[in-house]
**Q** 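So that we are looking at the same thing, I have put the structure below in structure tokens.
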Amino acid sequence: MSEQAGDDDFLPDDLEAVQDALVEWYEADHRDYPWRRTDDPYEILVSEVMSQQTQLDRVVSAWEDFLERWPAVEDLAAAERGEVVGFWTDHSLGYNNRAKYLHEAARQVTEDRDGQWPTDPDGLSELMGVGPYTANAVASFAFNNGNAVVDTNVKRVLYRAFDVPDDDDDFEATAQRLMPAGRSEVWNNAIMELGGVACEKTPDCDGAQCPWREWCSAHQSGDFTAPDVPTQPEFEGSRRQFRGRVISVLNEYDELALDELGPRVRVDYAPDGEYGREWLRGLLSDLADDELVAVTDDGGEPVASLRS
């Protein structure tokens with residue numbers, strides 16, 4: 001935290017009124033995403049991993065399709081990894097490593113923990129690919145046992161409403177002080193909803209009936225600047241996109257030689273060209289490092305296949 005201030009210094013004196021106003025606003029009306037209607041940690045983990053790089057409205061159909069195919073954590077653990085990665089690619093859900101890690105986390109729960117989920121952020125962080133934010137979200141939404149969630153939306157809200165400096169320690173400490181004890185499930189949903197519908201990059205204070213208008217510094221001053229946040233690299237034409245295409249193609253074929261795989265990955269593939277064998281080997285090397293693809297070379301042309 002900044003040395004100049006404590007977390008209480010950023011918050012209004014009537015903290016309970018601030019808390020009650022937000023919870024009442026959220027409970028009166030909010031976006032009805034299906035994962036908000038469950039406390040199943042598996043279903044919530046799937047939604048959180050999918051949401052890391054995809055707009056929520058697009059996640060809904062992918063989440064529903066995923067759970068139709070693998071309804072329970074045991075089903076996912078028993079699946080072939082290539083099938084899971086192929087699903088991820090087909091639904092344009094971002095980095096394929098997330099599918100791999102989700103699959104491995106399912107195996108950890110079923111094989112190492114006899115189907116018993118950790119119930120707090122520390123325990124959930126021990127699952128493969130589950131970082132502090134995701135662990136805290138699952139602990140909150142599945143077990144009402146989390147800390148305050150601090151994502152981009154929450155930072156923007158705290159920065160505008162209470163003049164919290166653009167400092168991660170200040171954001172985390174203030175968010176934790178602001179959250180009512182024992183209410184992480186409703187609170188974290190509510191404050192993220194506030195940032196998602198009322199306090200977006202272009203705010204809609206009155207249209208969304210923001211419950212914090214009477215306390216909000218930005219609403220009073222008219223200055224709605226927000227902290228800088230990293231932007232997502234362009235997906236179209238990126239190596240990430242073509243790695244996804246490799247996975248998608250290999251999910252359809254048992255194995256392919258490089259010059260059979262290349263044209264299926266990009267139409268301008270030319271064995272000796274800029275986007276040829278050397279370029280394709282680079283993609284396959286990345287995917288092999290991630291344990292998603294195997295490349296065999298028995299003296300002839302290398303052959304690529306998905307790892308199970």
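Counting begins at 1 with the first residue of the sequence. When reading the values below, keep in mind they use all heavy atoms of this one structure, side chains included, and skip hydrogens, waters and symmetry mates.
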**Q** Look only at the side chain of Ser221 and the backbone of Ser217, and say whether a donor-acceptor pair between them is shorter than 3.5 Å.
**A**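 Yes, the answer is positive, given that a donor and an acceptor are paired below the 3.5 Å cut-off.
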**Q** Are the side chains of Pro118 and Phe143 in touch, meaning some heavy atoms are under 4.5 Å apart?
**A**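 A side-chain contact under 4.5 Å is absent here.
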**Q** I need the Met192 CE to Leu56 CG distance, nearest 0.5 Å.
**A**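 Output value for this atom pair is 9.0 Å.
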**Q** With clusters defined by side-chain heavy atoms of hydrophobic residues (ILVMFWY) lying less than 4.5 Å apart, directly or transitively, does Trp187 cluster with Leu15?
**A**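 Leu15 clusters together with Trp187.
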**Q** With Asp120, which residues qualify under side chain to side chain contact (heavy atoms under 4.5 Å, CB included), at least two apart?
**A**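 Once residues adjacent in sequence are excluded, the partners of Asp120 under the side chain to side chain contact (heavy atoms under 4.5 Å, CB included) criterion are Asp122, Asn145.
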**Q** I'd like to check the side chain to side chain contact (heavy atoms under 4.5 Å, CB included) partners of Arg58; sequence neighbours left out, ordered by chain and number.
**A**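 Thr54, Ser92.
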**Q** Which residues satisfy the side chain to side chain contact (heavy atoms under 4.5 Å, CB included) test with Ala270, sequence neighbours excluded?
**A**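 Checked Ala270 against side chain to side chain contact (heavy atoms under 4.5 Å, CB included); zero matches.
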**Q** Give a yes or no on whether the backbone of Gly207 and the side-chain of Asp204 come within a donor-acceptor separation of less than 3.5 Å.
**A**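 Yes; at least one donor-acceptor contact below 3.5 Å.
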**Q** Taking the ring of Trp35 and the ring of Phe141, is the distance between their centroids below 6.0 Å?
**A**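 No, they do not, as the ring centres are separated by 6.0 Å or more.
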**Q** Under a single-linkage definition using a 4.5 Å side-chain heavy-atom cutoff for Ile, Leu, Val, Met, Phe, Trp and Tyr, are Phe224 and Val157 assigned to the same hydrophobic cluster?
**A**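 The answer is no; the residues belong to distinct hydrophobic clusters.
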**Q** Would the distance check show the side chain of Arg183 and the main-chain N or O of Val186 forming a donor-acceptor pair, the cut-off being under 3.5 Å?
**A**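 Pair absent, no side-chain N/O of Arg183 close to backbone of Val186.
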**Q** Between side-chain atoms of residues 63-74 and protein atoms elsewhere (two or more places apart, or another chain), which donor-acceptor pairs fall under 3.5 Å?
**A**
{"residue": "Trp63", "atom": "NE1", "partner": "Glu43", "partner atom": "O", "Å": "2.9"}
{"residue": "Asp65", "atom": "OD2", "partner": "His91", "partner atom": "NE2", "Å": "3.3"}

**Q** Would one find more than 12 heavy atoms of other residues, nucleotides or ligands at under 6.0 Å from atom CG of Asp29?
**A**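 Not buried by this count: 12 neighbours or fewer within 6.0 Å.
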**Q** Taking atom CD as the centre, does Gln220 end up with more than 12 heavy-atom neighbours from other residues, nucleotides or ligands that are less than 6.0 angstrom away?
**A**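 Atom CD in Gln220 is crowded, with more than 12 foreign heavy atoms closer than 6.0 Å.
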**Q** Considering residues at least two apart in sequence or located in another chain, which fulfil the ring-ring contact (aromatic ring centres under 6.0 Å, His included) criterion with Trp25?
**A**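 For Trp25 there are no ring-ring contact (aromatic ring centres under 6.0 Å, His included) partners, ignoring immediate neighbours.
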**Q** Carefully, step by step, assess Arg98 and Met50 under the rule side chain to side chain contact (heavy atoms under 4.5 Å, CB included).
**A** CA-CA 8 Å; Arg98 292 186 178 134; Met50 286 185 174; over 6 Å; no
**Q** Same cluster for Leu292 and Tyr101 if Ile/Leu/Val/Met/Phe/Trp/Tyr side chains link at under 4.5 Å?
**A**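 Each belongs to a different hydrophobic cluster.
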**Q** Step by step, work out the side chain to side chain contact (heavy atoms under 4.5 Å, CB included) result for Leu258 and Leu284.
**A** CA-CA 10 Å; Leu258 261 63; Leu284 292 171; 4.0 Å; yes
**Q** I'd like to check the salt bridge (Lys or Arg N to Asp or Glu O under 4.0 Å) partners of Glu193; sequence neighbours left out, ordered by chain and number.
**A**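 So Glu193 forms a salt bridge (Lys or Arg N to Asp or Glu O under 4.0 Å) with Arg31, Arg36.
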**Q** Got a donor-acceptor contact below 3.5 angstrom from the Glu255 side chain to the Ser305 backbone?
**A**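 Judged by distance alone, no pair lies under 3.5 Å.
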**Q** Indicate yes or no: at least one non-hydrogen side-chain atom of Phe242 is less than 4.5 angstrom from one of Asp286.
**A**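 The answer is no; the side chains never approach within 4.5 Å.
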**Q** Taking side chain to side chain contact (heavy atoms under 4.5 Å, CB included) as the definition, give me every residue that meets it alongside Asn144, ordered by chain and number, with sequence neighbours left out.
**A**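 Result, side chain to side chain contact (heavy atoms under 4.5 Å, CB included) vs Asn144: Ser184, Glu185.
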**Q** Nearest 0.5 angstrom please: Asn147 CG to Met179 CE, how far?
**A**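 Output value for this atom pair is 6.0 Å.
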**Q** May I ask you to decide if Glu126's main-chain N or O and Gln108's side chain share a donor-acceptor pair within less than 3.5 Å?
**A**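 Such a contact is found between Gln108 side chain and Glu126 backbone.
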**Q** Is the shortest distance from a Lys or Arg side-chain nitrogen in Asp32 or Arg37 to a carboxylate oxygen in the other one below 4.0 Å?
**A**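 A salt bridge links Asp32 with Arg37.
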**Q** Measure the SG-CZ distance between Cys205 and Arg160 for me, rounded to the nearest 0.5 Å.
**A**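 Output value for this atom pair is 8.0 Å.
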**Q** Can you tell me if Asp170 uses its side chain to pair, donor with acceptor, with the backbone of Val164 under 3.5 Å?
**A**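 Not confirmed, Asp170 side chain does not pair with Val164 backbone.
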**Q** Does Glu27, at its CD atom, have more than 12 non-hydrogen atoms belonging to other residues, nucleotides or ligands within less than 6.0 Å?
**A**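 Yes, the 6.0 Å shell around CD holds more than 12 heavy atoms from other groups.
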**Q** List in chain and number order the residues that pass side-chain hydrogen bond (donor to acceptor under 3.5 Å, both in side chains) with Arg264, two or more places apart in sequence or in another chain; answer none if no residue qualifies.
**A**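 Tyr253.
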**Q** The criterion is ring-ring contact (aromatic ring centres under 6.0 Å, His included); which residues satisfy it with Tyr133, sequence neighbours excluded?
**A**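 Here no residue qualifies.
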**Q** Side chain to side chain contact (heavy atoms under 4.5 Å, CB included), that's the test. Do Val84 and Lys100 meet it? Break it down for me.
**A** CA-CA 7 Å; Val84 183; Lys100 168 190 164 184; over 6 Å; no
**Q** Given Leu45 and Trp117, is the side chain to side chain contact (heavy atoms under 4.5 Å, CB included) satisfied, shown in steps?
**A** CA-CA 11 Å; Leu45 177 61; Trp117 285 82; 3.9 Å; yes
**Q** Out of curiosity, Arg245 CZ to Leu283 CG, how far, rounded to the nearest 0.5 Å?
**A**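 Nearest 0.5 Å value for the CZ-CG distance: 11.0 Å.
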**Q** Without swapping roles, check the side chain of Thr174 against the backbone of Phe171 for a donor-acceptor pair under 3.5 Å.
**A**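 No: the side chain of Thr174 does not pair with the backbone of Phe171.
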**Q** Quickly, which of Asp167, Asp168, Asp166 forms a salt bridge (charged side-chain N to carboxylate O under 4.0 Å, His left out) with Lys155? Name it, please.
**A**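 When salt bridge (charged side-chain N to carboxylate O under 4.0 Å, His left out) is applied between Lys155 and each of Asp167, Asp168, Asp166, only Asp168 qualifies.
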**Q** Under the salt bridge (Lys or Arg N to Asp or Glu O under 4.0 Å) test, which residues partner Arg281, sequence neighbours left out?
**A**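 In terms of salt bridge (Lys or Arg N to Asp or Glu O under 4.0 Å), with neighbours along the sequence ignored, Arg281 is linked to no residue.
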**Q** With a 6.0 Å cut-off on the ring centroids, do Trp279 and Tyr269 count as close?
**A**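 Between Tyr269 and Trp279, which both carry aromatic rings, the centre distance is not below 6.0 Å.
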**Q** Do Asp114 side-chain atoms and Gln116 backbone N/O form a donor-acceptor pair below 3.5 Å?
**A**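 Looks like no, no N/O pair under 3.5 Å.
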**Q** Counting N and O atoms only, with roles assigned by atom type, does the side chain of Ser47 sit under 3.5 Å from a partner on the main chain of Ile44, one being a donor and the other an acceptor?
**A**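 Checked: pair present.
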**Q** Mind checking salt bridge (Lys or Arg N to Asp or Glu O under 4.0 Å) for Asp39 and listing every partner two or more places apart, or none if nothing turns up?
**A**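 Checked Asp39 against salt bridge (Lys or Arg N to Asp or Glu O under 4.0 Å); zero matches.
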**Q** Would you call Glu200 and Arg156 a salt bridge, taking side-chain N to carboxylate O under 4.0 Å as the test?
**A**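 Result for this pair is no, no salt bridge flagged.
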**Q** Are Leu261 and Val303 linked, directly or through other ILVMFWY residues, by side chains that come within less than 4.5 angstrom of each other?
**A**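 No: no chain of side-chain contacts under 4.5 Å links Leu261 to Val303.
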**Q** Is the number of heavy atoms from other residues, nucleotides or ligands under 6.0 Å of Asp13 CG greater than 12?
**A**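 It does not: Asp13 CG has 12 such atoms or fewer within range.
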**Q** Can you tell me how far apart CG (Leu158) and CD (Glu172) are? Round to the nearest 0.5 Å.
**A**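 Interatomic distance, Leu158 CG to Glu172 CD, rounded to 0.5 Å: 11.0 Å.
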**Q** Between atom SG of Cys210 and atom CG of Leu22, what is the distance when rounded to the nearest 0.5 Å?
**A**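 Taking SG in Cys210 and CG in Leu22, the distance rounds to 8.5 Å.
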**Q** Could you check whether any side-chain heavy atom of Trp88 comes within less than 4.5 Å of a side-chain heavy atom of Ile247, counting everything from C-beta outward?
**A**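 With C-beta onward as the side chain, the pair stays apart.
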**Q** Could you work out, with ring-ring contact (aromatic ring centres under 6.0 Å, His included) as the rule, every residue matching Tyr26, not counting sequence neighbours?
**A**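 Partners of Tyr26 under the ring-ring contact (aromatic ring centres under 6.0 Å, His included) test: His30.
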